[in-house]
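Reminder, nothing fancy here: chain letters follow the sequence lines and each chain counts from 1.
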Amino acid sequence: MSEDLFKRLVSHCKEYGFIYPSSEVYEGLNGVYDYGPMGVELKNNIKQYWWKAMVQMHDNIVGLDSAIFMHPKIWKASGHVDAFNDPLVDNKDSKKRFRADVLIETEIDKLIAKADKEVDKAAKRFGDSFDEKMYRETNPRVMEYLQKAETIEKRLAAALKVGDMADLKALIEELEITEPDTGSRNWTEVRQFNLMFSTQMSNTGDDGKLYLRPETAQGIFVNFLNVQKTTRQKIPFGIAQIGKAFRNEIVARQFIFRMREFEQMEMQYFVRPGTEMEWYAYWKEKRMAWHRAVTPAEKLRFKDHDNLAHYANAAVDVQFEFPFGFKELEGIHSRTDFDLSSHSELSGKKMQYFDPELNEHYTPYVVETSVGCDRMFLTVLSNALIDETVPDAKGEDSTRTVLRLAPALAPVKCAVLPLLRNNEELVGKAREIYDSLKHYFQCQYDEKDAVGRRYRRQDAIGTPYCVTIDHETLENGTVTIRERDSMQQERVEIGEVARIVGERVDMRKIL
RNA sequence: GCGGAAAUAGCUCAGUGGUAGAGCAUUGGCUUCCCAAGCCGAGGGUCGCGAGUUCGAGUCUCGUUUUCCGCUCCA
């Protein structure tokens, strides 16, 4: 059922102008998508919802739009140059893929475990008189295990440092590493995967190698002092940014869930060291509330990270139940002072804050919230798309496809429909109302086909309100407003429409 | 990247070697009709791309690209 829903969603997106595959006339481009006319409206509304919730609603959070191109040393300092490189190897028999370094490390761990076992056995044998340190340094078998482990470890580190994939393969062969499940030793060559895209700034030769940013966060960190000083912020304060990031994923799949070019909505919150866990808890709650305002609570959950990234001392994902299962939608990370310290070290510039209350300098700790904009888009759409059964004109069952978007997020807020197309008075009045309403919000005018069909068309793109101009309008200056979800109509004065619809589609409803 | 499946009109799909189809959508008109699919017309596809087999390929074979599923990866 979910898989069907997912297929429905993808074709609905294409059919109604939300999302198209990139470069479709050239057979497409793997893992890249374009947002169509409806898609860009919805996406902009999502961004606005986030921006208002973060920047407008917090005195101490300010915005930033840093460049995609950044000094290459930034990615050295952030750890991306080292950590975003994975040596991978496939097992030809089991068809499974492994990280070569992890396989070798597992082998090292086994050797150390063997040594420990020897020590344990000896400890039992000798009882109280056992001198573990002495035993470890003299017992030939223990020494052999440990020495071998150390040799491999050194060779692994050296190979990783210079990117010697052939030696990693050689190690796997020499150690006779087997595939854990099948015992197969039939490995492919080890290949290097760099998750960062690179380009060059100089237009001659290959000097000036640059990376396309794999996350927006670093633009915030390197501007930390600029922003703090020019906006007179006091800790704690935050910097928010929405922007594109690029990752050369090994596999980019599941529609817009994992793309090679994607958009992040990130906020870095700078706090006094030692208070980061309080703020981490604060933002966990705050961000979950933001999601719950537009997404049913039962489809959202927290998932703590089992393995923390190199920069973090606590990390949790907000997961959403996508049609293909619970997956990460937002990450909330306590990043410590890793980034600021690292930039400070590599750049030689102090990146500290003087705290007037404590009367001392320190490098702030950072709590990060990072939502995938495209994932939020997918979340919103998967929640909204519904096929429901409603009575038709004869009172019989018919189905309608409706996007039950939060009105504030809907691409089109209001459609203006003359009841009949071939009545000049109705059409003229409808045009007049449309021309007035379009100053307030995104509107559509439609006169083609029966009005019922036009309602359904608007339902399919999630338009929350349809204003219909009928014969009564010409008599007393009232129109009907038809609500998308209930399909109920109310009759109001023409002059009231902008106010009534405006109030209902206002972002304040979900903030 | 490996394995499996798929690719025909904007969407969903039919078409088993002999002149490319349907429904919906789009568009022009009729219908005066407040919750889609009433009537008459129109437009739109070198069947993902490239080779091969064949008198002849949407259909068979190979390659390739893209998509979905599994493995893997995911800051």
Between the protein and nucleotides 44-48 of chain B, list the N/O to N/O atom pairs that are separated by less than 3.5 angstrom.
residue	atom	partner	partner atom	Å
B:G48	O2'	A:E27	OE1	2.7
B:G48	O2'	A:E27	OE2	3.3

Let's test this: given Watson-Crick or G-U wobble pairing with both distances under 3.5 Å, identify the partner of [N].
N: B:C30; result: B:G38
N: B:G43; result: none
N: B:U61; result: B:A51

Among the nucleotides [options], which one has an atom lying closest to any side-chain atom of [X]?
X: A:R491; options: B:C11, B:A75, B:C34; answer: B:C34
X: A:Y33; options: B:C34, B:G10, B:C68; answer: B:C68
X: A:V451; options: B:A37, B:C34, B:C69; answer: B:C34
X: A:L420; options: B:C33, B:G29, B:C35; answer: B:C33
X: A:T399; options: B:C11, B:C13, B:A36; answer: B:A36
X: A:E215; options: B:A75, B:C35, B:C69; answer: B:A75

Donor on one side chain, acceptor on other, [X] and [Y], under 3.5 Å:
X: A:T369; Y: A:E266; answer: no
X: A:H343; Y: A:Q218; answer: yes
X: A:E368; Y: A:Q268; answer: yes
X: A:Q489; Y: A:R482; answer: no
X: A:T401; Y: A:D387; answer: yes

Between [M] and [N], how far apart are the [atom1] atoms? Round to whole Å, please.
N: B:G56; M: B:U8; atom1: P; answer: 26 Å
N: B:G23; M: B:U66; atom1: C1'; answer: 26 Å
N: B:C35; M: B:G28; atom1: P; answer: 24 Å

Item checked: Protein-nucleotide distance (A:F6, atom CZ; B:A6, atom P), rounded to Å ->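 Interatomic distance, CZ of A:F6 to P of B:A6: 20 Å.
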
Item checked: Between B:C35 (P) and A:L419 (CG): distance, integer Å ->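 Checked: the CG to P distance equals 10 Å.
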
Item checked: Among A:E328, A:Q264, A:E215, the one residue meeting side chain to side chain contact (heavy atoms under 4.5 Å, CB included) with A:S370 ->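 Looking at A:E328, A:Q264, A:E215, the match for A:S370 under the side chain to side chain contact (heavy atoms under 4.5 Å, CB included) is A:Q264.
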
Item checked: A:Y365 six-ring centre to A:R335 NZ/CZ under 6.0 Å and within 45° of normal ->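 A:R335 over A:Y365 ring: no.
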
Check: [N] base within 3.5 Å donor-acceptor of [X] side chain:
X: A:R253; N: B:G70; result: yes
X: A:R482; N: B:C35; result: yes
X: A:S398; N: B:A37; result: no
X: A:H80; N: B:A75; result: yes
X: A:R453; N: B:A36; result: no
X: A:Y455; N: B:C34; result: yes

Checklist line | Aromatic ring pairing A:F322/A:F324, orientation class (parallel under 30°, perpendicular over 60°, tilted between) | finding: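 The arrangement is parallel - the two ring planes meet at less than 30°.
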
